[in-house]
Every structure is written in C-alpha cells, then in structure tokens.
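The structure displayed is predicted, hence computed values, not measured ones. In each ligand, atom 1 is the first atom listed, and ligand 1 is the first ligand listed.
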Amino acid sequence: MGFEQNFSLKGKIAWVTGASYGIGFAIASAYAQSGATIVFNDINQELVDKGLKAYSEAGIKAHGYVCDVTDEAAVNALVAKIEKEVGVIDILVNNAGIIRRIPMTEMSAAEFRKVVDVDLNAPFIVSKAVIPSMIKKGHGKIINICSMMSELGRETVSAYAAAKGGLKMLTRNICSEYGKYNIQCNGIGPGYIATPQTAPLRERQPDGSRHPFDSFIIAKTPAERWGQTEDLMGPAVFLASDASNFVNGHILYVDGGILAYIGKQP
Ligand code: NAP
Ligand code: GCO
C-alpha cells in the first residue's frame, strides 16, 4: 500500500458531537470522504434531521442521534446505543460548543457555568464514556475543538476563554493518562471561522461597511481573511489518521497565522 494509506480512515467509526452544521459538519464530511462511518449528535431532533438531510445531500449515510452532551446519563446511554447499532467508536471529535459574549461583571454565574458545562465539562463526559472501549480495542483518537481563546483573552468572552483554556489542558491530560493504550488526544484550535457562531461579528453595518470586528480580524490575520470550515478538514483528517499516531497532547492551531502575528500596522 502507498504512504497515502496512512491518512485513510477506511473501516473507522467517527463520532463528531454537535455536527449538524458548521465546523463539526465539515470535519465529519472530511472523515466520510476519507472512508469513515459517521456518527453525529445534536441538541434536538430538528437539528439532527437538518444534519441528516445535509449529510444525505452530500452523499454521506450518517447516523444521527439526539443527545445533550452535558447530560452524562444520556451520553453513556448513547455510547451503548452507538456500539450496538454502529460499532465501537474509533475517533471522537468534541466539537459541540456554545459562546456567550457578555462583559464578565454583567455575566451571571449561571451563564458562566452553562458555557463551561458545554465547552469543558461535556468533552470530559464524552471522552470518559468512549475511552474504555478504545482501550479494549487497542487504539483511539480524541480531538478536542479548542480555540484562539485557549491561548488569548478578549473582552466579553471570559467563560468561553476559561473553558477553552481548560479544554487545552484536558487534552494534554487525556494524552498523559491514556497514551499508553495507544490513544492519542489532540486539539484543533481554529482561528476565526465563518460559521453561524461568528456571524454576529461579521454582520455588515447599516451603511454597508464591514463590522469593526470583521476589519479587526482581517488586520490580525496574516492570511487577511476569515477561515472557512473547509480549512479545518485536512488538519482534522491528519489528527484522526494513523499518520499522527506519535502526535499526542498537541493543539494544532489552524488560524491563518493569527497567533504568530502582532497585527497589521494601522
Ligand atoms: P456552532 O455553529 O455554534 O455549532 C455548535 C454545534 O454544537 C451546534 O449544532 C450546537 O447546537 C451544538 N451544541 C451546542 N450545545 C450542545 C449540547 N449541549 N449538546 C449537543 N450539541 C450542542 O459552532 P461552530 O462555529 O461550528 O463551532 C463548533 C466548535 O468550534 C465549537 O466548539 C466552537 O467553540 C469551536 N470554535 C469555533 C470557531 C469559529 O470561529 N466558528 C473558532 C474556534 C473554535 P445549537 O445550534 O442548538 O447551538
Ligand atoms: C469571539 C469568537 C471566537 C471564535 C473562536 C476563535 O467572540 O471571539 O466567537 O471565540 O469563536 O473561538 O478561535
């Protein structure tokens, strides 16, 4: 077989959480094109149905389930259902996430806890649920979708940055604790990607001009553009494939160079 087979996901079962659309959908689509069987979940049936339609239109026969990833009992039940109906999960992508853009002193503790629950506690819950079968199977890949906010702060995203910073360290700890079982746990840190989650930051102003944050990101990105979900597909396949079997605990930033750049002079 040629070297390219190292990047194949043929025969693997991949679960991407919160993958009815956006980044998760793009990653799952890349995995399907690389030979994997796709499992995804979302928070309600409407979103799961939307995802199933989108996967079908892309020629992908995905398995979709309703599950709130913050609900440990529901996650454990879903893992058992997936193993019965589809098979043991080889690749897990903790993609489901939320953000609340509120100045910290105006944010309630409940709002802070909700963001941390989805963006940090849920990756713990879901990873904990799939690791035992990965150990039995003798291999596994866990990919956590981190963020620029795993490294940087900015106004109004205190809960999100705290959660994504914690997710970076959870990634390193899963690597440390389960690497001996041939389980690799890495992160992908997307830059600013054009999805519904960032749509408010890109809205045209009433006079038709760019949103100030849109202009700010263009000036902070050497690539001088927002990322597209397609930009994440290749890195995600690499981290899910045998080509990365000695890469562990690494956060792969796919940011067009933002973290390396002081920003364009005004
Ligand atoms: P998105 O558009 O908000 O999609 C997130 C998905 O997760 C949605 O389908 C969402 O459902 C689902 N979800 C939320 N809470 C859930 C829960 N409790 N249980 C199950 N599913 C849940 O986000 P995205 O832009 O594609 O981002 C996906 C991931 O990448 C997130 O972790 C995000 O933090 C991260 N990220 C995004 C960017 C970016 O620029 N877009 C950059 C770096 C990192 P709902 O539609 O109901 O919310
Ligand atoms: C924000 C954005 C970012 C992106 C992403 C950057 O409000 O700053 O939503 O947080 O979503 O996480 O990597």
Side-chain angles (χ1 to χ4, degrees), residues 15-29 39-52 54 64-72 74-75 78 93-103 113-126 143-168 170-171 187-203 211-214 216-217 220-221 225-233 235-236 251-259:
W15 177 16
V16 185
T17 68
S20 292
Y21 60 89
I23 288 172
F25 180 85
I27 289 174
S29 301
V39 174
F40 77 101
N41 72 291
D42 224 306
I43 193 87
N44 58 48
Q45 192 60 53
E46 183 186 355
L47 276 173
V48 170
D49 291 344
K50 171 184 171 182
L52 286 169
Y65 299 92
V66 176
C67 180
D68 176 347
V69 289
T70 67
D71 180 341
E72 186 167 27
V75 167
L78 178 56
V93 179
N94 285 306
N95 167 78
I98 63 172
I99 192 168
R100 295 292 180 264
R101 300 182 182 97
I102 306 167
R113 288 194 186 99
K114 178 63 181 171
V115 173
V116 172
D117 208 18
V118 179
D119 294 0
L120 178 57
N121 295 345
F124 159 77
I125 288 168
V126 183
I143 296 151
N144 293 321
I145 306 300
C146 297
S147 163
M148 295 284 93
M149 275 60 225
S150 297
E151 301 293 344
L152 304 169
R154 84 171 183 86
E155 301 80 1
T156 77
V157 295
S158 59
Y160 185 83
K164 292 297 189 180
L167 185 57
K168 172 176 72 173
L170 177 63
T171 300
I188 288 176
Y192 280 83
I193 311 296
T195 72
Q197 191 247 53
T198 56
L201 305 175
R202 291 177 283 110
E203 277 168 3
H211 189 295
F213 196 89
D214 182 356
F216 168 68
I217 289 304
K220 289 287 284 183
T221 309
R225 67 173 175 89
W226 283 71
Q228 300 299 319
T229 56
E230 290 77 11
D231 290 316
L232 298 163
M233 294 167 81
I251 312 299
L252 178 54
Y253 286 99
V254 185
D255 66 354
I258 293 176
L259 286 178

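- At least one heavy atom of L201 lies less than 4.0 angstrom from ligand 2.
- In the candidate list G97, G191, S147, S147 is nearest to atom 12 (O) of ligand 2, counting heavy atoms.
- Distance from atom 44 (C) of ligand 1 to its nearest protein heavy atom, with residue and atom name: C146 O, 3.2 Å.
- For T17, no heavy-atom contact with ligand 1 is shorter than 4.0 Å.
- Listed for the D119 side chain is no donor-acceptor partner under 3.5 Å among the backbone atoms of A163.
- When only interatomic distances are considered, the shortest N/O to N/O separation between D119 and ligand 1 does not fall below 3.5 Å.
- Defined by atom type and a distance below 3.5 Å, a donor-acceptor pair is missing between the side-chain atoms of R225 and T221.
- Ligand 1 has no nitrogen or oxygen under 3.5 angstrom from a nitrogen or oxygen of N44.
- Between I193 and ligand 1, at least one pair of N/O atoms sits closer than 3.5 Å.
- Residue T195 touches ligand 1 through its side chain alone, judged by heavy-atom distances below 4.0 Å.
- Classification of the W226-F213 ring pair by plane angle, with boundaries at 30° and 60°, yields tilted.
- Taking 4.5 Å as the limit, every side-chain heavy atom of V16 sits out of range of all side-chain heavy atoms of F25.
- Ligand 2 places these atoms under 4.0 Å from at least one heavy atom of Y192: 1 (C), 2 (C), 3 (C), 4 (C), 6 (C), 8 (O).
- In terms of polar-atom proximity, R154 is counted as a contact of ligand 2, with an N or O under 3.5 Å from an N or O of the ligand.
- Considering backbone and side-chain N/O of Y192, none are found under 3.5 Å from N/O of ligand 1.
- Looking at I99 against ligand 2, only its side chain comes within 4.0 Å, counting heavy atoms.
- Within the listing of ligand 2, atoms 6 (C), 13 (O) sit less than 4.0 angstrom from a heavy atom of M148.
- Polar contact with ligand 1: present for I23 (N/O pair, distance under 3.5 Å).
- For M148, no heavy-atom contact with ligand 1 is shorter than 4.0 Å.
- Within ligand 2, the atoms closer than 4.0 Å to a non-hydrogen atom of R101 are 1 (C), 2 (C), 7 (O), 9 (O), numbered from 1 in the order shown.
- Backbone and side-chain nitrogen or oxygen atoms of M149 are examined, and none is located within less than 3.5 angstrom of a nitrogen or oxygen of ligand 2.
- Contact analysis puts K164 in contact with ligand 1, with a non-hydrogen atom separation below 4.0 angstrom.
- Checked by distance only, ligand 2 and P190 come closer than 3.5 Å through their nitrogen or oxygen atoms.
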